[in-house]
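Heads up, the thing below is written out as structure tokens.
Hydrogens, waters and symmetry mates play no part in the numbers below; they use all other heavy atoms, side chains included.
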Amino acid sequence: MNIEQIIHAVIVGKIPQGVDAKTQALLELTEYQRLAPSVSAVLLSAARRDDFNDNAGEWLTWARETFKFDDCYIHQLRKVGDMLLAIQENEALYKRLFRVSFNNLLPLTQLDYESNGSGIDCLEKFVEVNPVEKMTREQVRDAVALALGRVSKSGGKEDMYQPDLFGALDTIIGCDPAAVAAGDSFDEVSARKFAISGVGLLEASINYWSDRAIPDLKVITMIEGELIKEQQRLALLRESLTKAAMSG
């Protein structure tokens, strides 16, 4: 029986007879459950790219209302889907990552997957030296952190905030800012929390980079450019609000 037949049979009370039949049915279901999130991720990302012209708001509304996923899970799927679509032409790597659990794929989205770089922060190089299919999520996350220079090879200092905070950051990195802001649950309080938290996180990163002998210039330059762009938007917003207040 295929997946649909197995599910329908159990739902209507036709339980497979014998341990062999039950084992085969469970194996089919387990494989389906393992692949479903990654396949869903590719379909969601492809829909945004091909059918919604990267309109984050319309795409998020469609994904939320059609599939009843919460916003956080939608953005996690999109992040993984974007990565898989980006490496699709690398057939061997593309097929290999479908053998990796979704929980292990999510941390990999922090790596450089849009270039052919040879650094350890490059996805293809990373999976050459890390058996991501067999690793736990925590092991993958730690290996990614090491590749990105977040911890020393000895494991770095113990940090009381690290497990929960890094777990939350994995989720935040997977979010689309425009789509988050367009969500029904995002309000003034949310906006303030996001902004204040972002400033604090940036301060922590700058403190870390300032103490390093050789910080990653490419990453710092990229972040500086993004900050300048957002600073210009913030200045325009402040100017507009000031004029409105004076005219009122």
Under a 4.5 Å cut-off applied to non-hydrogen side-chain atoms, are [X] and [Y] in contact?
| X | Y | answer |
| --- | --- | --- |
| Ile206 | Ile220 | no |
| Val132 | Arg96 | yes |
| Val100 | Val140 | no |
| Arg78 | Asp82 | yes |
| Lys22 | Ile15 | yes |
| Leu146 | Asp142 | no |
| Leu44 | Phe67 | yes |
| Phe102 | Leu77 | yes |

[atom2] on [Y] to [atom1] on [X], rounded to 0.5 Å:
| X | Y | atom1 | atom2 | value |
| --- | --- | --- | --- | --- |
| Glu124 | Leu97 | CD | CG | 10.0 Å |
| Leu84 | Lys79 | CG | NZ | 12.5 Å |
| Thr242 | Glu239 | OG1 | CD | 7.5 Å |
| Thr109 | Leu111 | OG1 | CG | 8.0 Å |
| Leu26 | Leu29 | CG | CG | 6.5 Å |
| Leu106 | Arg137 | CG | CZ | 6.0 Å |

Taking all non-hydrogen atoms of both residues, which atom of [X] and which atom of [Y] are closest, and how far apart?
| X | Y | answer |
| --- | --- | --- |
| Ala143 | Asn130 | CB-OD1, 3.9 Å |
| Ala21 | Pro16 | CB-CB, 3.8 Å |
| Arg49 | Leu85 | NH1-CD1, 4.0 Å |
| Met83 | Leu105 | CE-O, 3.8 Å |
| Tyr94 | Gln88 | CD1-CA, 3.7 Å |
| Asn104 | Pro107 | O-CD, 3.3 Å |

Identify, with sequence neighbours excluded, every residue that meets salt bridge (charged side-chain N to carboxylate O under 4.0 Å, His left out) alongside Glu203. none

[X] with [Y], same ILVMFWY side-chain cluster at under 4.5 Å:
| X | Y | answer |
| --- | --- | --- |
| Ile11 | Ile3 | yes |
| Ile87 | Leu35 | yes |
| Val127 | Phe98 | yes |

Strictly distance-based, threshold 3.5 Å: is any side-chain N or O of [X] a donor or acceptor partner for the main-chain N or O of [Y]?
| X | Y | answer |
| --- | --- | --- |
| Glu31 | Glu28 | no |
| Arg141 | Thr136 | no |
| Thr66 | Ala63 | no |
| Ser240 | Leu236 | no |
| Ser38 | Arg34 | no |

Kindly indicate, with the supporting measurements, whether the criterion side chain to side chain contact (heavy atoms under 4.5 Å, CB included) is fulfilled by Asp51 and Trp59. CA-CA 9 Å; Asp51 305 302; Trp59 169 81; over 6 Å; no

When you compare the side chains of Asp187 and Ser190, does any donor N or O come within less than 3.5 Å of an acceptor on the partner?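 Looking only at side-chain atoms, Ser190 and Asp187 do form a donor-acceptor pair, the distance falling under 3.5 Å.
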
Can you tell me how the ring of Trp62 sits relative to the ring of Phe52, calling it parallel under 30°, perpendicular over 60° and tilted otherwise?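 The arrangement is tilted - the two ring planes meet at 30° to 60°.
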
Please indicate whether Tyr32 has more than 12 foreign heavy atoms, meaning atoms of other residues, nucleotides or ligands, lying under 6.0 Å from its OH. no

